[in-house]
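These notes concern the structure reproduced below.
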Amino acid sequence: MAALIDRFTKAKRVVIKIGSALLVEESEGQLRREWLLALAQDIALMKKRGQEVLIVSSGSIALGRRILKLKSGALKLEESQASAAVGQIHLAHAYQEILGEEHLTVAQILLTLGDTEERRRYLNARSTLSTLLELGAVPVINENDTVATSEIRYGDNDRLAARVAQMVGADCLVLLSDIDGLYTEDPAFNPNAQFLSEVTELTDEILNMGGGVRTAFGSGGMITKLKAAEIAMAAGCNMFIASGKIKHPLLAIEKEHAKSTCFLARDTPRNARKKWIAGSLSSQGAIIIDAGAEKALQKGKSLLPAGVSEIRGKFERGDLITLLNREGKELGQGLSAYSSADAELIIGHKSSEIAKILGYAGRDEMIHRDELALK
Ligand code: GLU
């Protein structure tokens with residue numbers, strides 16, 4: 001068991017997903033402040049031992065509908081969007097206030113599907129989140145429900161949380177919900193269902209263990225959790241399902257006071273990402289880099305425009321490009337932070353000159369080290 005728990009306690013970057021049913025009390029629709037304060041204390045502990053924490057929180061619609069005094073039962077799309085607009089402000093305020101009691105700085109990020117699914121936009125969201133983490137803040141993320149309609153939605157925050165984990169290269173994702181993990185069958189219907197504390201592969205047998213949706217709020221259920229596991233495991237991120245019904249749910253995982261299911265990733269996020277960069281995209285152009293830049297890359301540094309001497313082909317920001325040295329040897333591939341047109345203007349220049357040359361403040365790197373797959 002200890003080896004499994006290490007995947008949570010020793011993870012560098014952890015995404016915690018909190019379902020609506022935990023945060024919002026079901027009959028009155030009130031925010032469960034004491035529960036959130038206990039969670040904040042768990043997060044403060046994690047931060048103290050050097051872990052970076054991101055929260056993906058549901059609850060805006062559940063909170064907003066009560067404030068707007070909407071009837072119970074299914075809401076129309078416009079009503080959910082209006083509820084989310086009202087509820088999200090309350091939710092963000094509660095996080096700021098309650099996590100603030102533990103001296104945690106909270107940052108709100110509202111994402112739409114394209115922010116993780118389209119490479120150009122994804123680079124933006126990714127670097128904002130990385131900067132927030134470097135600065136010690138705790139990003140609190142939700143879907144931007146006020147503008148998302150069904151075709152352009154994640155739909156459920158389990159999937160959103162897995163996409164966020166993939167985007168930031170997290171090595172652990174914890175889904176806190178009203179169920180403590182994966183059972184061979186839904187334990188609500190079959191008391192003899194077996195609990196699984198470890199899943200190493202998402203076989204058809206495992207995927208068939210996902211039942212339907214049971215909570216009144218939230219759009220989750222075991223099916224969406226298994227979908228999240230698929231995304232996380234492929235991204236080199238371990239995933240836990242644990243019950244959030246108790247106070248201090250994260251401490252409970254760590255101290256093994258409560259059960260949890262761990263879905264084990266085989267790769268590290270870095271390797272999984274490199275495989276994705278090198279294996280699933282086709283190169284749109286090439287750049288020639290000088291010997292100094294080649295050395296810097298071998299040491300794990302990013303590629304700066306100053307080290308690039310030539311651009312070949314036409315590409316857009318976020319496209320995959322091939323790196324060659326002056327002798328024409330292929331060094332690897334990476335996602336470009338600039339289009340070929342802008343890159344032409346800044347190559348050979350210092351990063352501090354980029355804003356003056358292009359008229360906007362772009363990234364310092366031509367290819368960030370996290371977006372590089374060297375040979
Ligand atoms: N984004 C929705 C909300 O904040 C929740 C989606 C979900 O429950 O998975 O209310």
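In this text, all values refer to a predicted model and were calculated from it rather than measured experimentally. First listed ligand is number 1; within each ligand, the first listed atom is number 1. Values below: all heavy atoms of this structure, side chains included; hydrogens, waters and symmetry mates excluded. Numbers here are sequence positions counted from 1.
For ligand 1, the atoms sitting less than 4.0 Å from at least one non-hydrogen atom of S58 are 4 (O), 5 (C), 7 (C), 8 (O), 9 (O), numbered in the order shown with element in parentheses. Near N142, with a cut-off below 4.0 Å to any heavy atom, the atoms of ligand 1 are 1 (N), 3 (C), 4 (O). Atoms of ligand 1 found under 4.0 Å from any heavy atom of D156, numbered from 1 in the order shown, are 9 (O). Ligand 1 places these atoms under 4.0 Å from at least one heavy atom of D145: 1 (N), 2 (C), 3 (C), 4 (O).
In this structure, the side chain of D158 does not engage the main chain of A228 through any donor-acceptor pair within 3.5 Å.
Using a 4.0 Å cut-off between heavy atoms, I61 contacts ligand 1 through both its backbone and its side chain.
Checked by distance only, ligand 1 and A62 stay at 3.5 Å or farther apart across all their nitrogen or oxygen atoms. At a 3.5 angstrom cut-off on N or O pairs, K17 does not count as close to ligand 1. Taking any N or O of E143, backbone or side chain, none lies under 3.5 Å from an N or O belonging to ligand 1. No N or O atom of S57 sits closer than 3.5 Å to an N or O atom of ligand 1. Inclusion of D158 in the set of residues having an N or O under 3.5 Å from an N or O of ligand 1 is not warranted.
Ionic pairing of E371 and R363 is not present here: no N-O contact between side-chain nitrogen and carboxylate oxygen is shorter than 4.0 angstrom. No salt bridge links K47 with E102; every basic N to acidic carboxylate O contact stays at or beyond 4.0 Å.
Using a 4.5 Å heavy-atom cutoff, the side chains of Q30 and R66 are in contact. You'll find the side chain of D115 stays beyond 4.5 Å of the side chain of I109, heavy atoms only.
Not counting sequence neighbours, Y122 has no partner by the ring pair (Phe, Tyr, Trp, His ring centres under 6.0 Å) test. Partners of E327 by side-chain contact (heavy atoms from CB on, under 4.5 Å), not counting sequence neighbours, listed by chain and number: N325.
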